[in-house]
There are 2 protein chains.
Amino acid sequence: MPGLVHVVDDDASFRTAIERRLKLAGYDVKTYASAQDFLNAALDDEQPGCILLDVRIPGLSGPELQSRLIAAGSTLPIIFLTGHADTPTTVQAIKAGAEDFLTKPVSSELLLDAIARALARQDAARSHRGKLEAFRAHLATLTQRERQVFDLIVRGRINKQIAYELGTTERTVKAHRHQVMEKMQVHSLAELVSIAERLGMLDPNGR
Amino acid sequence: MPGLVHVVDDDASFRTAIERRLKLAGYDVKTYASAQDFLNAALDDEQPGCILLDVRIPGLSGPELQSRLIAAGSTLPIIFLTGHADTPTTVQAIKAGAEDFLTKPVSSELLLDAIARALARQDAARSHRGKLEAFRAHLATLTQRERQVFDLIVRGRINKQIAYELGTTERTVKAHRHQVMEKMQVHSLAELVSIAERLGMLDPNGR
DNA sequence: GGTGTCACTGCCCCAAAGGACAATATGAAG
DNA sequence: CTTCATATTGTCCTTTGGGGCAGTGACACC
């Protein structure tokens, strides 16, 4: 699987060496001397890739960069690479979702394995998010009223109840309901509920 | 949150010391000198508790015990505690779901924090699984035929189509459908679909 | 042979959903 | 003022879903 590997490390000779190794393996590579450099290079989160990140770098540390990226909603997988790993940092990084935590010097085998896993994982996550995004996009085209009707429909309310709760008539609800089905591009109540469930709109036990 | 902490360590004096500290903190404690001892003590997976597990112990190692427990479907959270942590082992343990990975000597603060988190996590997981189990139990009371009807209902088929696909009549499908709603204890199609979705019965795009 | 479960089915009726056709009202945008 | 989007509603008709009542047939178990 091809992809772009972002190498963030303050050691210039290390960057050069890694870049060479990764390019030999068929990956595109971009290097950064600091976390800030990386953040400045406004990057495309959707492009297949991952980050090879040193823990100890001047300025923003590796884990700090990880936090920022997570907070910013990035889904680029991160592989940490460090000279000396301490256990709490390792644990924290993995818990926060890092793909791996490797120590220098790293064998090409371990490194390439980790990169391959990271790219595979990102690919799976991206395609999954892609489907949800399509649903969200449809959902966004609903008007306020249609959205209210949608919420009640997927909770199992019948038109009569919805009409009462929204202070309108059954006929009106039917009209909105029709719009909802149309805009969400589904042909059955089951599909609609399924989508709502996947978007996490039903978790709290709303009966 | 009270709970039973299983301490697995081959160092008798360490076991004694830890047991004292944990009991002071209000936890019940059981100790084991080896992973095998622990496995032999056929334990209740549902009871609130966690495992404090040494990595290097004679016989089955800590990570090996972890694998076995996972394979056996156990959901007891594991906190590793070891004298000298190596990075690959740490990474693997956390990836496999360990709650934490601590090094001896461990401060009471870190240890008790980890235990509290482990118990909280297990509690959340257990209550979540509890709900799903209730659904599964209802699902298990369905006859073969009812189950087939269930599968088609939650995929959005209408009675007429279901009847055709099962080679029977619409009236019969209605009868089964009634039984399904009754046995699953739901009052709307939406609830039924919601349950099916949560049980992961709809993920593959079956239209 | 009696009993029970499960699957199947017809007839009839009511409730709910879907939709065609038509129309009113309101507020924002140009 | 005109246009557009949104929300609203009525009448009428068809399709679906839900269910009562009643009965048949297969098969397993005692």
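Fair warning: this is a prediction, and the values are worked out from it, not measured in the lab. The sequence lines fix the lettering, A, B, ..., with proteins before strands; numbering per chain opens at 1.
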Rounding to a whole Å, what distance do you find between [X]:[atom1] and [N]:[atom2]?
{"X": "B:Glu170", "N": "C:dC11", "atom1": "CD", "atom2": "P", "value": "14 Å"}
{"X": "A:Gln144", "N": "D:dA5", "atom1": "CD", "atom2": "P", "value": "18 Å"}
{"X": "B:Leu189", "N": "D:dG19", "atom1": "CG", "atom2": "P", "value": "13 Å"}
{"X": "A:His176", "N": "D:dT9", "atom1": "NE2", "atom2": "C1'", "value": "10 Å"}
{"X": "B:Arg177", "N": "D:dT16", "atom1": "CZ", "atom2": "P", "value": "12 Å"}
{"X": "A:Gln179", "N": "D:dT8", "atom1": "CD", "atom2": "P", "value": "13 Å"}
{"X": "B:Ile162", "N": "D:dG17", "atom1": "CD1", "atom2": "C1'", "value": "11 Å"}
{"X": "A:Lys174", "N": "D:dT15", "atom1": "NZ", "atom2": "P", "value": "15 Å"}

Subject >> Donor-acceptor pair, side chain of B:Gln66 and main chain of B:Ala93, under 3.5 angstrom >> reply: yes
**OP:** For A:Arg171, answer base if it contacts any base atom (sugar-phosphate contacts may also be present), sugar-phosphate if it contacts only those atoms, and nothing otherwise; contact means non-hydrogen atoms under 4.0 Å.
**Re:** base
Among [options], the nucleotide that comes nearest once only the side chain of [X] is considered:
{"X": "A:Ile158", "options": "D:dA7, D:dT9, C:dA16", "answer": "C:dA16"}
{"X": "B:Arg145", "options": "C:dC8, D:dT16, D:dA7", "answer": "C:dC8"}
{"X": "B:Thr172", "options": "C:dA17, D:dT8, C:dT9", "answer": "C:dT9"}

Original post:
Does any donor atom in the side chain of A:Arg20 or A:Thr16 lie under 3.5 Å from an acceptor atom in the other side chain?
Top reply: no
Hey, does the side chain of [X] come within less than 4.0 Å of [N]'s phosphate (OP1/OP2), counting only N and O?
{"X": "A:Asn159", "N": "C:dA16", "value": "no"}
{"X": "A:Thr169", "N": "D:dT9", "value": "yes"}
{"X": "A:Lys160", "N": "C:dA15", "value": "no"}
{"X": "A:Thr143", "N": "D:dA5", "value": "no"}
{"X": "A:His178", "N": "C:dG18", "value": "no"}

**OP:** For B:Gly167 and for B:Thr141, find the nucleotide of DNA chain C with the closest heavy atom, then tell me which residue's nucleotide is more 5'.
**Re:** B:Thr141
Subject >> Over 12 non-hydrogen atoms of neighbours within 6.0 angstrom of NZ in A:Lys183 >> reply: yes
Original post:
Any chance CZ of B:Arg56 has more than 12 other-residue heavy atoms, nucleotides or ligands included, within less than 6.0 Å?
Top reply: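 Not buried by this count: 12 neighbours or fewer within 6.0 Å.
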**OP:** Output, in order, the C-alpha distance, side-chain angles, deciding distance and verdict of salt bridge (charged side-chain N to carboxylate O under 4.0 Å, His left out) for B:Asp151 and B:Arg147.
**Re:** CA-CA 6 Å; B:Asp151 287 336; B:Arg147 175 56 188 273; 3.3 Å; yes
